[in-house]
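Since the structure comes first, as structure tokens, the remarks are kept for the end.
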Amino acid sequence: MRHSLLAPLAECQTRFAVHDYDLDATLTSGQAFRWEWSDGAWEGIVGDRWVQLAFSKDSIVAVASEKTSDWTWLADYLQVEISLHPILSSFPDDVPLRAATQACRGLRLLRQEPWECLASFILSSTKQIVQIRQIIHLLCERFGELVPVPLGYQPVYAFPSAHRLAQCSEADLRDCKMGFRAPYLKAAATMVDRLDVDLASLYDLPVDEARIALMAIPGVGPKIADCVLLFAYGFQSAFPVDVWVIKALRELYFRGRRVKIQRLQRFSKSHFGPFAGYAQQYLFHYMRLQKKITAKQ
DNA sequence: AACCAGGACACAA
DNA sequence: TTGTGTCATGGT
């Protein structure tokens with residue numbers, strides 16, 4: 001009997017009751033880049049722990065590689081406590097947003113670790129999501145710490161610390177296929193490691209101040225700052241404007257006209273309300289789903 | 001085989 | 001302040 005086929009120990013397993021939770025949409029919507037679908041379940045690394053997630057009706061079953069009594073690290077990451085209804089009902093009742101929320105109902109925002117999120121999005125600029133995943137995979141494999149996995153599984157690695165990446169040469173980083181982003185990542189890692197920016201302190205700041213602090217980091221402009229504010233710190237008014245969101249807003253709200261990004265930012269603030277970041281994520285994922293559908297025809 | 005990808009930055013006008 | 005070229009890589 002192969003170990004990987006054995007049922008996991010009860011001490012390694014838990015179940016979260018959820019409503020309106022689309023795990024697939026959540027893990028494939030370009031917030032996090034390390035989840036892999038394998039044999040009917042999602043496998044990933046949260047912090048320094050391996051975890052497997054299986055979704056069944058109204059519950060998520062999680063399996064860890066080691067005995068676990070406190071699961072708050074995962075409950076927090078997956079945001080299983082929050083309910084979607086107040087968010088969706090806060091949205092303006094317009095056609096585009098209705099279509100987007102229907103197309104991927106149950107899509108959630110994760111709550112990720114700030115350094116991994118920051119570094120990942122520094123690597124994301126003008127890259128397709130598949131390529132971002134490849135870069136991060138190489139980076140973790142080469143510079144991340146080994147993470148315990150169940151018997152029979154391939155070795156996996158934690159996302160490398162800022163301290164570790166600060167020690168890398170630019171050439172080491174370029175070898176991970178990140179191109180011109182290498183000096184940005186190295187500089188960012190150095191700043192974070194030296195506490196020139198204290199990522200842990202940004203939770204307590206007002207959004208605008210946290211945004212300014214993030215944008216002081218090399219390679220971090222408005223868009224990447226907004227991603228980190230939204231996906232790591234939980235500032236749900238943050239509204240990342242990337243090429244997909246530009247397309248969505250132009251086509252769906254501005255009759256295809258060419259609109260400046262700054263104006264789109266102001267529009268999002270006034271139009272989508274306090275959970276604008278959620279609206280953004282629905283529009284983003286919706287546009288990418290649409291493209292997949294039309295590409296198949 | 002061109003075109004484009006969850007952008008940021010230095011520089012020009 | 002706003003517009004343009006550049007950066008590196010590879011998917012579609």
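Order of the sequence lines sets the chain letters (A, B, ...), proteins ahead of strands, with each chain counted from 1. Below, each value reflects all heavy atoms present in this structure, side chains not excepted, and no hydrogens, waters or symmetry copies.
A/Q265 is listed as a side-chain neighbour of A/V241, based on a closest heavy-atom distance under 4.5 Å.
Evaluated for a side-chain hydrogen bond (donor to acceptor under 3.5 Å, both in side chains) with A/S29, the options A/H285, A/Q281, A/R288 yield exactly one hit, A/Q281. With A/F231 as reference, A/F121 is the one residue of A/F284, A/F121, A/F33 to meet the ring pair (Phe, Tyr, Trp, His ring centres under 6.0 Å) rule.
Contact check of residues 266-286 of chain A against DNA chain B (heavy atom, cut-off under 4.0 Å) returns A/Q280, A/Q281, A/F284. Of the residues in residues 167-194 of chain A, those with a non-hydrogen atom less than 4.0 angstrom from any atom of DNA chain B are A/F180, A/Y184. Listed in residue order, the members of residues 222-253 of chain A having a heavy atom less than 4.0 Å from DNA chain B are A/P222, A/K223, A/I224, A/F231, A/P240, A/D242, A/V243, A/W244, A/V245. For the contact set between residues 122-136 of chain A and DNA chain B, defined by any heavy atom under 4.0 Å, the members are A/S124, A/S125, A/T126, A/K127, A/Q128, A/I129.
Not counting sequence neighbours, A/E145 has no partner by the salt bridge (charged side-chain N to carboxylate O under 4.0 Å, His left out) test. In this structure, the side-chain contact (heavy atoms from CB on, under 4.5 Å) partners of A/D175, at least two apart in sequence or on a different chain, are A/R142. For A/R211, the salt bridge (charged side-chain N to carboxylate O under 4.0 Å, His left out) test picks out A/D226, with sequence neighbours left out. With sequence neighbours excluded, the residues forming a salt bridge (charged side-chain N to carboxylate O under 4.0 Å, His left out) with A/R105 are A/D20, listed by chain and number.
On the nucleic acid side, DNA chain B has its first and last nucleotide under 4.0 Å of a heavy atom of chain A at B/dA5 to B/dC9, going 5' to 3'. The outermost nucleotides of DNA chain C lying under 4.0 Å from heavy atoms of chain A, listed 5' to 3', are C/dT2 to C/dG11.
Residue A/V51 belongs to a hydrophobic cluster whose other members are A/F16, A/V18, A/Y21, A/L23, A/L27, A/W35, A/W37, A/W42, A/V46, A/L53, A/F55, A/I60, A/W71, A/W73, A/L74, A/Y77, A/L78, A/V80, A/L110, with links defined by side-chain heavy atoms closer than 4.5 Å.
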Could you pull out every donor-acceptor pair under 3.5 Å between side chains of residues 84-91 of chain A and any protein atom, sequence neighbours left out?
unit_1: A/S89; atom_1: OG; unit_2: A/H85; atom_2: O; d: 2.9
unit_1: A/S89; atom_1: OG; unit_2: A/P86; atom_2: O; d: 3.3
unit_1: A/S90; atom_1: OG; unit_2: A/I87; atom_2: O; d: 2.7

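Two residues, A/P218 and A/S29, neighbour DNA chain B, and the one matched to the more 5' nucleotide by heavy-atom proximity is A/S29.
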